[in-house]
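Here is the structure we will look at.
In this chain, residues are counted from 1 in sequence order. In each ligand, atom 1 is the first atom listed, and ligand 1 is the first ligand listed.
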Amino acid sequence: MTDSPLQFELHTTDGRARRGKVTVPHGSFNTPAFMPVGTRATVKGLMPRDLRETGSEICLSNTYHLNISPGPKIVKKMGGLHHFMGWDAPILTDSGGYQVFSLPKAKLDEEGVTFKFEQKGGKKITLTPEKSMQIQEDLGADIIMAFDVCVPHPCEYQDAREAVYRTIRWLERCKEAHSRKDQALFGIIQGSTYADLRALSTQLTREIDLPGYAIGGLSVGEGHELMMSSIDQTEPGMIKEKPRYLMGVGYPEDIVEAVARGIDMFDCVIPSRYARSGVAFTRRGRFRVTNARYRSDKFPLDTNCNCYCCRNFSRAYLNHLINTNEILGSALMTLHNVTFYQDMMRAIRMAIEEGSFEKFRQAFLDEYLSDDK
Ligand code: GUN
Ligand code: ZN
């Protein structure tokens with residue numbers, strides 16, 4: 001045993017793709033890993049036992065939202081986030097950095113970000129690196145994220161450069177403030193879509209010794225090609241022996257292509273958010289089950305899927321449930337979409353193990369992006 005809160009074993013590589021395992025205090029997860037998003041300590045529509053059944057080994061929650069409700073002190077008093085939400089496996093919390101920047105009235109200075117709470121009577125709150133660390137320590141996730149500056153896209157060069165340096169100064173403050181030895185703090189690389197800023201941010205971030213590193217500032221509307229070139233400008237400078245996490249990504253094609261570029265961890269609201277509006281993901285792409293053409297379709301969402309939804313219910317039933325706003329519709333669609341993502345991650349991991357990832361990548365994308373659904 002070591003006293004590090006995180007162990008990373010890199011089992012095999014296939015080209016730049018990596019197959020590994022991360023171990024944290026609440027257990028292990030296989031990489032490449034997809035983390036479903038449980039913003040308010042719940043993946044909307046799924047009980048933790050359902051979430052487990054999808055093949056999820058780790059989930060994500062948000063500092064920003066949990067700070068508003070129920071508040072970190074209540075979560076701490078209830079025994080921490082794992083106990084509170086009934087999820088005994090690994091959890092990662094994001095720092096709030098990303099959420100506050102999407103607020104229209106957030107004010108940013110060297111100290112932190114000040115904004116008005118949506119609730120709590122419009123009370124002003126400042127989130128700083130130190131506050132984010134305190135909140136995340138109270139929540140008690142296994143992996144916590146640095147409080148960073150995520151700029152929008154597109155972004156002027158000077159603004160992106162300032163954000164890189166401020167994110168580094170804030171990372172130093174985060175590391176200094178973080179005291180729980182049973183939590184792993186990840187640093188976040190920024191730099192917008194500028195090649196030299198990505199390289200600079202990667203270099204400055206890796207100089208701060210941490211158990212893992214993330215690529216931030218992507219999936220902000222730059223599109224697939226710029227996302228991939230930004231990863232290409234970042235990943236080669238990252239430490240080989242530590243996990244790499246691409247934040248907020250993404251569509252299945254983004255994930256497959258990012259795995260091909262050496263990424264180990266992902267999170268995204270897409271499978272769960274799309275599910276609630278009636279969009280199903282399948283090997284042959286995604287489709288809208290609310291479309292009239294599925295009104296009397298007796299097939300499951302995906303004939304290749306073995307989830308509880310696909311084993312038991314027709315597209316016709318889901319068409320009816322979603323069109324009439326029945327909560328079971330959201331729950332079943334979410335179960336299926338998250339299962340689809342986790343089946344994809346399992347197939348990715350197997351392909352890397354077998355040394356056939358390149359073949360998998362082409363076959364998967366051919367089928368997924370083909371027009372004949
Ligand atoms: N989620 C998606 N992108 C980001 C980012 O750049 N920073 C943080 N903290 N979270 C994210
Ligand atoms: Zn299914």
Is the distance between the ring centroids of Tyr294 and Phe287 less than 6.0 Å?
yes
Donor-acceptor contact below 3.5 Å, side chain [X] vs main chain [Y]:
| X | Y | answer |
| --- | --- | --- |
| Asp264 | Arg244 | yes |
| Ser61 | Gly38 | yes |
| Ser201 | Gln190 | yes |
| Arg315 | Leu301 | yes |

Out of Ile188, Val249, Asp94, who gets a non-hydrogen atom closest to atom 10 (N) of ligand 1?
Asp94
When you measure from atom 6 (O) of ligand 1 to each heavy atom in Gly217, Ser132, Ser95, which option holds the nearest one?
Gly217
Which residue owns the protein heavy atom closest to atom 5 (C) of ligand 1, what's the atom, and how far is it?
Asp148 OD2, 3.5 Å
What protein heavy atom is closest to atom 4 (C) of ligand 1, reported as residue, atom name and distance in Å?
Tyr98 CD1, 3.4 Å
Using ring-ring contact (aromatic ring centres under 6.0 Å, His included) as the criterion, point out the one residue from Phe147, Tyr98, Phe115 that pairs with Tyr64.
Phe115
Give a yes/no answer: is there an N/O/S atom of Cys309 under 2.8 Å from the Zn ion (ligand 2)?
no
Exercise: do Ser28 and Thr23 side chains pair donor with acceptor under 3.5 Å:
yes
If we only count N/O pairs under 3.5 Å, is Ala146 in contact with ligand 1?
no
Of all N, O or S atoms in His336, which has the smallest distance to the Zn ion (ligand 2)?
ND1
With the Zn ion (ligand 2) at the center, what angle do SG from Cys305 and SG from Cys310 span, rounded to 10 degrees?
110°
Considering only heavy atoms of Gly216, which atoms of ligand 1 have at least one such atom less than 4.0 Å away?
5 (C), 6 (O)
Within less than 4.0 angstrom of ligand 1, does Gln190 place any heavy atom?
yes
